[in-house]
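Reviewing the structure listed below.
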Amino acid sequence: MTEKPVVRTRVAPSPTGDPHIGTACQALFDYVFAKSRGGQFVLRIEDTDRARSTPESEAKIFEALRWLGIPWDEGPDVGGPYGPYRQSERTEIYREHCRTLLDKGHAYRCFCAPERLETVRNKKRGPDERPGYDGHCRNLGEEEIRRRLDAGVPFVVRMRVPDEGECVFKDMLRNEVRIPWHNVDEQVLMKSDNFPTYHLANVVDDRLMRITHVIRGEEWISSTPKHLLLYEYFGWAPPEFCHLPLLRNPDKSKLSKRKNPTSILYYREAGFLPEAIVNYLGQMAYTLADGREMFSLADMVETFDPRRIGLGGPVFDIAKLTWLNGRYLRETMDAETLLARLREWKLSDDVWARILPLAQPRIEKLSDLVPLTAFFFADRPQYAAEALISKKLDGDATARLLRIALWEMEKVRDWNKETVQACVARIAEKEDLKLRDAVGPFFVALTGSPSSTPLFDTMAILGSDMTRRRLQYALDALAEAGHALSSKKTKEIEKDYRERYEATS
RNA sequence: GGCGCUAUCGUCUAGCCCGGUCUAGGACGCCGCCCUCUCACGGCGGAAACUGGGGUUCGAAUCCCCAUAGCGCUACCA
């Protein structure tokens, strides 16, 4: 009797920015699938992009998933038998596997300069041409390779892809997917910094970590042939593939922070409950057979049937999430529980201990306190859009300032009073504004009033996610008041921003 | 442009695999009414969808083909 291998799934986020609601959704389905089959769920950190990955972002992923209550059996923080679970700690493994491919002739070194690749990429290609790389270094002679290696010419390793035939694979949720090999790019496997790309690392790790079911976003369908080919090159049996539809913005495009709050931590700050979010996410492209709309993670595990996963990309609708959240608040807790939850959230002595020193000098009666500090506990402060505008800064200038601030603040890694102050000061300087004038719109956007607790302390307490969300709200308010940043205008600002801010940073 | 995926109310969806029971069901949002010291909750009701065209069939939301549309991928990002 052959024993069926234990079902193992994984979520493999890359720690570049805020923990994304889409990652949570994918993690949820991976988790539920594994658990419904008595299996294990693994968290792996894909930090092979060393330019963009940060430890702060990784920590936020743990925090967000833990807060949501989706536990992992193995991961960088808890360990496990197939570690390490952080790709940056597995580089030697990838290098070995890369050597194998090179030795077997399944991969080749490419010495092309980035500039050349740029040209190749931008060249308009005919319908019969392979996308991506043009195969320039595909058949270099031994000698030629040696010569460049000796000369220290930087190179990448690319996988070889057949010219003929097609890749046919079965997706758990779809019929056969057929993609002609001819349309598959000869992807880079090893970058010139000697780090692997997603494609190599992902296949090697899934194999070594005994992943049986790759449940991931639909955006990966077109890369699946590459992955399958790698399994074949290594002589490994591939796992099952299951591509989940992507969460969408209200305009149906892939869910993005441009158009929606996507940071899980923002939802926490705004007062959403983890069980409501998990429940709502479970409703994205999925329904329980009995039609229940309120269900827990355990309910989902108990009844999970992957065949009930729909394939249309669901729009992430905050209004409906809000309604569901309200049901949890009023139907699942008594006053005592609610109070405990409120304390767990923000109404704690710890938080008050940070707020009080800012508020005390500004009150004359005890009764002044709550009105003065209410905005700390709100999601969107209430104010008229005109309040954001001043003589020094008209509506358009304010919009520009806030837009730039949003970009700059994304880059603040360790969010505290000092870093945030430096950030705003830098913007004021670059925009040639006195700090005093620049700060006005921030006060209103963040606190709802031009006079309030000190800005930078306030920002530190609100936190990165909520601060940035409120700036976005302010931008929305300005847009409604006739100061919308068109996408053209935004592009102009962004170009200008990149030139003036990044060169010197 | 190329390749791929998808397609039921504005949104999340049931139904589709195993055609008739679908005058297409539920939920969010919206509107109206009721409850009520206000508001909210709750209750009741309403407007609102099978993308189009061809087949197959006695019969198609359900099966097939084409068109269209949306989305994704098309990086030394994942």
Side-chain angles (χ1 to χ4, degrees), chain A residues 12-17 20 22-23 45-53 87 110-114 117-118 120-133 154-158 166-167 169 171 173-185 187-202 216-226 243-255 280-294 307-308 310-327 329-331:
Chain A
S14 82
T16 54
H20 200 276
T23 304
I45 294 293
E46 307 234 342
D47 57 350
T48 54
D49 183 345
R50 60 187 199 0
R52 294 196 306 148
S53 298
Q87 292 188 327
C110 167
F111 296 90
C112 292
L117 297 175
E118 178 89 6
V120 171
R121 209 175 21 251
N122 294 144
K123 197 183 77 183
K124 233 186 152 211
R125 62 194 71 240
D128 285 335
E129 279 179 279
R130 188 189 281 275
Y133 188 56
F155 66 92
V156 299
V157 175
R158 288 179 186 277
E166 58 180 2
C167 177
F169 66 94
D171 181 280
L173 306 177
R174 288 159 245 266
N175 297 323
E176 280 182 344
V177 178
R178 324 175 75 94
I179 297 174
W181 286 119
H182 190 73
N183 291 304
V184 178
D185 184 17
Q187 254 289 335
V188 170
L189 260 20
M190 269 294 177
K191 305 178 236 182
S192 55
D193 63 3
N194 223 357
F195 271 66
T197 57
Y198 171 84
H199 307 284
L200 208 219
N202 159 266
R216 79 234 286 192
E218 203 173 45
E219 67 221 285
W220 293 108
I221 288 185
S222 35
S223 296
T224 304
K226 294 173 206 169
H243 292 96
L244 266 15
L246 263 14
L247 261 30
R248 309 285 184 88
N249 295 310
D251 70 359
K252 298 279 191 183
S253 57
K254 171 162 122 172
L255 189 65
Y280 182 68
L281 254 18
Q283 255 163 51
M284 299 282 88
Y286 185 73
T287 45
L288 298 197
D290 62 13
R292 253 180 300 173
E293 54 190 4
M294 227 169 147
R307 287 171 307 187
R308 296 192 63 80
L311 297 175
V315 171
F316 187 81
D317 180 7
I318 297 177
K320 189 159 183 177
L321 167 62
T322 304
W323 163 80
L324 226 206
N325 200 66
R327 281 196 65 180
L329 248 18
R330 53 187 124 79
E331 294 175 24

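Every heavy atom of this structure was used, including side-chain atoms; hydrogens, water molecules and symmetry mates were not. Chain A is the first sequence line, chain B the second, and so forth, proteins listed ahead of strands; every chain is numbered from 1.
- Residue A:R178 places no side-chain N or O under 4.0 Å from the OP1 or OP2 atom of B:G4.
- The base-pairing partner of B:G32, taking Watson-Crick or G-U wobble contacts with both distances under 3.5 Å, is B:C44.
- Residue A:T16 is out of contact with every strand shown, counting any heavy-atom pair closer than 4.0 Å.
- Ion pairing of A:D193 with A:R50 is present here, as a side-chain N (NZ or NE/NH1/NH2) and a carboxylate O approach within less than 4.0 Å.
- Residue contacts shown for A:P245 are absent, as no nucleic acid heavy atom lies under 4.0 Å away.
- Across all strands, A:V184 comes closer than 4.0 Å to no nucleic acid atom at all (heavy-atom distances).
- Between the CG atom of A:D251 and the P atom of B:G70 there is a distance of 11 Å, given to the nearest Å.
- Distance check, rounded to the nearest 0.5 Å: CZ of A:R248 to NZ of A:K254 gives 10.5 Å.
- Counting non-hydrogen atoms under 4.0 angstrom, A:L324 reaches nothing in the nucleic acid.
- Residue order along RNA chain B, read from the 5' end via each residue's closest nucleotide, puts A:R330 first among A:Q187 and A:R330.
- In this structure A:Y280 satisfies the ring-ring contact (aromatic ring centres under 6.0 Å, His included) test together with A:F316, sequence neighbours excluded.
- B:U6 atom C1' lies 8 Å from atom CZ of A:R174, rounded to whole Å.
- A salt bridge between A:K320 and A:E293 is absent, with no side-chain N of the basic residue lying under 4.0 Å from a carboxylate O of the acidic one.
- A donor-acceptor contact under 3.5 angstrom links the side-chain atoms of A:R52 to the base of B:C77.
- Comparing B:C28, B:C73, B:C76 by their closest approach to the side chain of A:E219 singles out B:C73.
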Set out, line by line, the N/O atom pairs under 3.5 Å between protein and nucleotides 10-13 of chain B.
residue : atom : partner : partner atom : Å
B:C12   : OP1  : A:V315  : N            : 2.8
B:C12   : O2'  : A:Q283  : O            : 3.1
B:C12   : O2   : A:K320  : NZ           : 3.2
B:U13   : OP1  : A:A285  : N            : 2.0

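- One can place CZ of A:R121 at 12 Å from C1' of B:C77, the figure rounded to the nearest angstrom.
- With sequence neighbours excluded, the residues that form a side-chain hydrogen bond (donor to acceptor under 3.5 Å, both in side chains) with A:Y198 are A:N202, A:R216.
- Base engagement by A:C112 is indicated by at least one non-hydrogen atom pair under 4.0 Å involving a base atom.
- When distances are taken from the side chain of A:S14 to each of B:A78, B:G70, B:C28, the shortest belongs to B:A78.
- Rounded to the nearest Å, the gap between the P atom of B:C64 and that of B:G70 is 24 Å.
- The two residues A:A201 and A:T48 have their closest heavy-atom pair at CB-CG2, 4.4 Å.
- Taking atom C1' on both nucleotides, B:G2 is separated from B:G20 by 43 Å, rounded to a whole Å.
- In the model, A:R308 has a side-chain atom that pairs as donor or acceptor with a side-chain atom of A:T287 under 3.5 Å.
- An OP1 or OP2 oxygen of B:A78 is reached within less than 4.0 angstrom by a side-chain nitrogen or oxygen of A:K191.
- Straight-line distance between the C1' atoms of B:G1 and B:A48: roughly 38 Å, to the nearest whole Å.
- Across all strands shown, nothing is found opposite B:A14 as a Watson-Crick or G-U wobble partner with both distances under 3.5 Å.
- Residue A:R307 is out of contact with every strand shown, counting any heavy-atom pair closer than 4.0 Å.
- Between the P atoms of B:G25 and B:A61, the separation comes to 14 Å (whole Å).
- The OH atom of A:Y133 sits 23 Å away from the P atom of B:C3 (whole-angstrom rounding).
- With both pairing distances under 3.5 Å, B:C39 is matched to nothing as a Watson-Crick or G-U wobble pair.
- On the P atoms, B:U62 is 15 Å away from B:G55, given to the nearest whole Å.
- Listed nucleotides: B:C76, B:C3, B:G42. Nearest to the side chain of A:L117: B:C76.
- Distances from the side chain of A:E293 to the nucleotides B:A27, B:C76, B:G4 place B:A27 closest.
- Note: CE (A:M294) to C1' (B:G26) measures 16 Å, nearest angstrom.
- Residue contacts for A:V188: at a heavy-atom cut-off of 4.0 Å it reaches the sugar-phosphate backbone alone, with no base atom in range.
- Nucleotide B:G1 forms a pair with B:U74, judged by Watson-Crick or G-U wobble geometry with both contacts under 3.5 Å.
- A:L244 is not listed as a side-chain neighbour of A:Y286, based on a closest heavy-atom distance of 4.5 Å or more.
- Of all heavy-atom pairs between A:V315 and A:P250, the closest is CG1-CA, 3.6 Å.
- Here the separation of B:G10 from B:G4, taken at their P atoms, is 30 Å to the nearest Å.
- Taking atom P in both B:U11 and B:U57, the straight-line distance is 35 Å, to the nearest Å.
- Rounding to whole angstrom units, CG of residue A:D49 and C1' of B:C77 are separated by 5 Å.
- A:L247 has its CG atom 16 Å from the C1' atom of B:G70, to the nearest Å.
- Contact annotation: A:S222 side-chain N/O to B:C5 OP1/OP2 distance is not under 4.0 Å.
- Rounded to whole Å, the C1' atom of B:A24 lies 25 Å from the corresponding atom of B:G43.
- Remark: B:U23 base-pairs with no nucleotide; criterion is Watson-Crick or G-U wobble with both hydrogen-bond distances under 3.5 Å.
- Two residues are said to be in side-chain contact when any heavy atoms from C-beta on lie closer than 4.5 Å; A:P314 and A:L247 meet this criterion.
- Across the protein-nucleic acid pair, A:L244 atom CG and B:C5 atom C1' stand 13 Å apart, rounded to whole Å.
- Defined by atom type and a distance below 3.5 Å, a donor-acceptor pair is missing between the side-chain atoms of A:S53 and A:D49.
- Across every strand in view, B:U51 sits in a pair with B:A67 that passes the Watson-Crick or G-U test at under 3.5 angstrom.
- Judged by distance alone, with hydrogens and angles left aside, A:S192 brings a side-chain donor or acceptor within reach of the base of B:C76, the pair sitting under 3.5 Å.
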